J.: 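After the structure tokens below, expect a handful of questions from me.
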There are 2 protein chains.
Amino acid sequence: MISQTTKSSPGRPRSTEVNQAILQATLDLLAEVGYQGLSIEAIAARAGVGKTTIYRRYHSKEELIAEAIEHNRPQLVIPDTGSLWADLEEVHKQAAEIDLSPLGRQTIAMIISLASTVPHFAEIYWKKYVIPRRKVASVIFERAKARGELSPEVDADLICDLMTGLLFKSILFQPETEQIESYMRRALDFLLKGVTSKSL
Amino acid sequence: MISQTTKSSPGRPRSTEVNQAILQATLDLLAEVGYQGLSIEAIAARAGVGKTTIYRRYHSKEELIAEAIEHNRPQLVIPDTGSLWADLEEVHKQAAEIDLSPLGRQTIAMIISLASTVPHFAEIYWKKYVIPRRKVASVIFERAKARGELSPEVDADLICDLMTGLLFKSILFQPETEQIESYMRRALDFLLKGVTSKSL
DNA sequence: TTATTGTAATACGATGCCGTATCGTATTAT
DNA sequence: ATAATACGATACGGCATCGTATTACAATAA
């Protein structure tokens with residue numbers, strides 16, 4: 001077994017493989033059965049690990065889940081196509097893929113459901129999802145402003161939130177005929193009509 | 001006991017009070033413990049009713065919850081203040097109250113969590129929440145257009161969706177209600193800046 | 001080597017919920 | 001009155017999970 005301990009400590013060090021297996025199993029099961037349906041036993045079975053091994057590392061289900069989410073990093077790649085619209089389209093696609101995946105859905109549902117009772121989850125999600133996302137939007141908008149595509153006083157966060165919110169709502173609840181893609185484009189067109197220097 | 005049966009049927013008719021109690025208890029508990037944590041026993045206890053009475057009416061938890069949500073009607077009162085801005089502020093306040101309440105949050109979380117496996121819930125939510133909301137927005141915007149406050153080609157559904165989408169996203173990512181309120185206000189201000197004939 | 005800790009496997013009692021059945025009572029139509 | 005149905009209460013066996021404890025073996029640091 002390949003295990004490393006950077007610093008000394010008496011007995012046998014904890015296995016990195018087991019750590020990974022536990023966290024991965026937690027995420028997998030979270031995606032499948034949701035927060036409430038998550039059981040330590042199932043995680044242990046999925047990870048090929050004894051329950052004891054989990055209980056030794058984490059003192060509560062919340063602690064374990066928090067660590068698993070913290071450990072899982074859905075990276076957003078900042079696009080740089082040279083066009084505001086293309087950049088936004090690309091980043092929205094990425095964000096949608098993350099949020100609408102089984103894991104993304106369950107995570108989000110968990111956050112909403114527990115945010116009032118376990119605020120720590122909301123903090124984690126804020127740190128792991130929202131901040132990077134806004135950062136990306138900010139970069140994209142700054143570039144567009146530098147290119148003169150966008151008025152300098154545009155609130156990037158606001159527009160970003162409006163668009164992602166619409167995207168979210170559309171994909172989740174849209175029983176309508178109009179294609180989401182064109183709807184999004186129409187929305188963005190409307191949003192930027194007053195603040196872009198030239199038509200899209 | 002006061003119970004009424006409009007038409008004949010041999011034995012003792014089902015109690016309307018019991019119906020109400022069951023559905024109300026279901027909604028209350030849904031708000032408190034969420035979908036997964038919901039147990040028939042707890043509902044029965046809360047409603048002051050035997051488990052059998054519930055099993056006699058509903059064959060599954062899903063059926064019961066669907067009925068409870070269907071039965072619960074968060075009514076939006078269409079304001080008519082004579083001012084577009086005041087109307088929107090009022091209706092936004094109502095919508096936020098519904099969505100940000102414990103029941104609203106749990107309902108939304110439930111929808112997200114189950115949308116892929118129990119799409120019926122998404123339909124109910126669409127019918128009970130989204131459609132009426134769009135209707136209200138439509139009426140308000142039509143009035144504003146008639147008053148000349150608003151450009152006639154403004155898409156009421158789009159703005160409504162943008163706002164509800166933002167509200168939705170805010171609930172997801174930002175659990176503090178107060179910040180959501182003011183943020184929503186700012187968004188509304190931005191959205192209407194370009195399309196209103198006079199400053200707000 | 002030797003002591004220490006980690007691990008997997010298993011067992012345990014406790015708890016909570018499930019869905020069903022039964023019972024005695026209450027309510028209604030005929 | 002009688003039949004039919006609803007009601008609350010209670011009990012049941014079954015199941016899943018909890019969190020802990022015990023065991024026997026593996027890995028590792030001193």
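What you see is a predicted model; the values in this text were computed from it and never measured.
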J.: Tell me the side chain to side chain donor-acceptor pair (under 3.5 Å) pairs involving residues 136-145 of chain B, sequence neighbours left out?
T.: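 Sorted pair list comes back empty.
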J.: Would you check if the side chain of B:E149 reaches a backbone N or O of B:L84 as a donor-acceptor pair within less than 3.5 Å?
T.: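 Side chain of B:E149 to backbone of B:L84: a pair is present.
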J.: Calculate the interatomic distance between B:L38 atom CG and C:dG19 atom P; express it in whole Å.
T.: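 The answer, rounded to whole Å, is 12 Å.
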J.: Please examine the side chains of B:L188 and B:W85, heavy atoms only from C-beta on, and report whether any two atoms are closer than 4.5 Å.
T.: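 B:W85 reaches B:L188 side chain to side chain.
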J.: Just how far, in rounded Å, is C1' of C:dG16 from CD1 of B:I43?
T.: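 Checked: the CD1 to C1' distance equals 15 Å.
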J.: In whole angstrom, give the distance that lies between atom CG of A:L64 and atom P of D:dG19.
T.: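 Interatomic distance, CG of A:L64 to P of D:dG19: 12 Å.
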J.: Checking contacts here: which listed nucleotide (D:dT17, C:dT20, D:dG19) is nearest the side-chain heavy atoms of A:Y55?
T.: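 For the A:Y55 side chain, the nearest candidate turns out to be D:dG19.
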J.: Using whole Å, what does the distance between atom C1' of nucleotide D:dG19 and atom CD of A:E63 come to?
T.: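 Rounded to whole Å, this separation is 15 Å.
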J.: Rounded to the Å, how far apart are A:I40 CD1 and D:dA16 P?
T.: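 Rounded to the whole Å, the gap is 18 Å.
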J.: Under the criterion side-chain contact (heavy atoms from CB on, under 4.5 Å), I'd like the reasoning laid out for A:K61 against A:L64: C-alpha separation, chi angles, the key distance, then a yes or no.
T.: CA-CA 5 Å; A:K61 196 162 79 170; A:L64 170 56; 5.7 Å; no
J.: Check the distance between C:dC18's P and B:E62's CD and give it to me in whole angstrom.
T.: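 So the CD-P distance, B:E62 to C:dC18, works out to 11 Å.
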J.: Using whole Å, report how far CD1 of A:I54 lies from P of D:dT20.
T.: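 So the CD1-P distance, A:I54 to D:dT20, works out to 14 Å.
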J.: Among all residues two or more places apart in sequence or in another chain, which pass the side chain to side chain donor-acceptor pair (under 3.5 Å) test with A:S113?
T.: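 Testing A:S113 for side chain to side chain donor-acceptor pair (under 3.5 Å), a comparison that skips the adjacent residues, returns B:Q106.
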J.: Nucleotide by nucleotide, 5' to 3', does protein get under 4.0 Å of the base (B), only the sugar-phosphate (S), or neither (-) in nucleotides 6-12 of chain D, counting heavy atoms?
T.: BBSB---
J.: Nearest whole Å is fine: how far is C:dC17 P from A:Q36 CD?
T.: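 So the two atoms are 12 Å apart, to the nearest Å.
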J.: For A:E153 and A:S151, test the side chains for any donor-to-acceptor distance below 3.5 angstrom and give the result as yes or no.
T.: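 Yes.
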